[in-house]
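Nothing here was measured: the structure is a model prediction, and the numbers come from that model.
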Amino acid sequence: MLKEECKALLDALNKVTACYRHLVLTIGGTSDTQNLREELKKTRQKAQELAVANRNKLTNTLKDKSLSKEDKAEFERLWVIFSTCMEILETDMRRALELGQEFPLNIPRKHLIQTGMSGGTSGVAARAMSVQNMKYDAEHNIDVMDLKDLENEINQVDEMIYEMEMKVSVPQWTVEAKQNPGAELKSATSAGASSPGVISVDDHNKPVCDLSKLLAGVVFSSVLILAIILAVCVVKLS
């Protein structure tokens, strides 16, 4: 029962973290609005809540001396997945901070980059596109306050990762994978085809993004990152 609870928590964290990465890719694009920034904030905060729950559950379990060798190996595998997920979340939060600083919401629309993901990058972006973009006074811009909060949250995630390494020592090279490379992705894809659903990041089960759009975002992420870098260079040189 405990093992299933840990797996369910970890699965929820993976989904929310992946969704957060998908949303980060739209910062500075034609889908970027105040609604999107608010969804980004809610998604990353939900990810942090799930991260704390995962950390507490796995830490307490791995400290249990009565664990069998087989169970310990399984929980160590989950711990490695959790640690990797936290590193990805921290990286994406830093990316969101950099892009948010480069593309504040009060800049002229002509400076927004064409990411190729406008008009339906996710359920959030679709809703954001249907709402008229609001103008905010530069001195009271809410996204400036959010960037300060994001900076503090990045430091908190860094501290959490450091504490995790101090409390539980599980070298990644000592953990053996239980599936072939790509097996989990294929399983998730087939599951999504048989019983489609959406990812929820709040208590009211609001849809944020579906699996197909998430996979599309991952596939094109490298191209989009390059486009963002080039756009930033162009803006700085102009």
Side-chain angles (χ1 to χ4, degrees), residues 1-25 39-100 146-179 181-185 187-188 199-203 208-209 214 217-218 221 225:
M1 189 67 179
L2 179 60
K3 191 182 299 183
E4 294 304 318
E5 290 179 4
C6 290
K7 288 182 178 180
L9 274 174
L10 185 57
D11 182 61
L13 176 62
N14 280 330
K15 289 179 179 179
V16 175
T17 302
C19 189
Y20 181 69
R21 164 165 288 195
H22 180 63
L23 294 175
V24 168
L25 294 175
E39 290 286 359
L40 276 162
K41 182 175 182 177
K42 287 194 298 183
T43 306
R44 74 168 188 263
Q45 289 178 343
K46 183 62 177 180
Q48 291 174 78
E49 293 174 6
L50 288 168
V52 172
N54 274 276
R55 180 199 61 187
N56 294 341
K57 182 75 70 174
L58 289 172
T59 299
N60 293 334
T61 303
L62 287 170
K63 286 183 177 180
D64 186 359
K65 302 298 183 180
S66 63
L67 277 179
S68 66
K69 185 177 180 180
E70 182 180 350
D71 286 340
K72 184 178 180 181
E74 176 63 14
F75 282 112
E76 286 182 346
R77 187 184 72 87
L78 295 178
W79 179 265
V80 170
I81 296 174
F82 171 53
S83 300
T84 303
C85 190
M86 288 300 298
E87 292 173 0
I88 293 173
L89 175 62
E90 190 261 353
T91 299
D92 288 337
M93 289 174 70
R94 290 188 181 278
R95 182 185 301 171
L97 178 62
E98 294 173 0
L99 292 174
D146 182 54
L147 289 177
K148 293 180 181 179
D149 293 339
L150 175 55
E151 203 165 2
N152 293 330
E153 291 173 23
I154 290 173
N155 293 331
Q156 292 174 4
V157 171
D158 284 340
E159 291 177 4
M160 183 186 297
I161 293 174
Y162 176 77
E163 290 177 359
M164 287 164 48
E165 294 174 349
M166 295 297 101
K167 291 182 178 180
V168 179
S169 178
V170 182
Q172 294 190 9
W173 57 87
T174 64
V175 178
E176 296 183 4
K178 297 183 65 176
Q179 296 177 313
E184 292 182 354
L185 181 60
S187 176
I199 299 173
S200 174
V201 298
D202 57 27
D203 295 334
V208 176
C209 58
L214 173 60
V218 173
S221 61
I225 293 171

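Taking the side-chain contact (heavy atoms from CB on, under 4.5 Å) definition, one finds that Asn56 meets it with Val52, sequence neighbours left out. For Asp92, the side-chain hydrogen bond (donor to acceptor under 3.5 Å, both in side chains) test picks out Arg21, with sequence neighbours left out.
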Q: Decide yes or no on side chain to side chain donor-acceptor pair (under 3.5 Å) for Thr61 and Asp64, but give the supporting numbers first.
A: CA-CA 5 Å; Thr61 303; Asp64 186 359; over 6 Å; no
(Q) Working note: Arg44 + Asp149, criterion salt bridge (charged side-chain N to carboxylate O under 4.0 Å, His left out); need CA distance, chi angles, decisive distance, verdict. (A) CA-CA 11 Å; Arg44 74 168 188 263; Asp149 293 339; 5.4 Å; no
Q. Which is it for Arg94 and Glu90 under the salt bridge (charged side-chain N to carboxylate O under 4.0 Å, His left out) test, yes or no, and what are the steps along the way?
A. CA-CA 6 Å; Arg94 290 188 181 278; Glu90 190 261 353; 2.4 Å; yes
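Judged by distance alone, with hydrogens and angles left aside, the side-chain atoms of Glu74 form no donor-acceptor pair with the main-chain N or O of Glu70 at under 3.5 Å. Between the side chain of Asn54 and the main chain of Leu50, a donor-acceptor pair closer than 3.5 Å is present.
Contact detail for Thr17 and Ala47: the closest heavy-atom pair is OG1-CB, 4.3 Å. For the residue pair Leu58 and Cys6, the shortest heavy atom distance occurs at CD2-SG, 4.0 Å.
In this structure, Lys15 pairs ionically with Asp11, as a charged nitrogen and a carboxylate oxygen lie closer than 4.0 Å.
Here CD1 of Ile161 is found 7.5 Å from CD of Glu165. Values are rounded to the nearest 0.5 Å.
Using a 4.5 Å cut-off on side-chain heavy atoms (C-beta onward), Arg77 and Lys72 make no contact.
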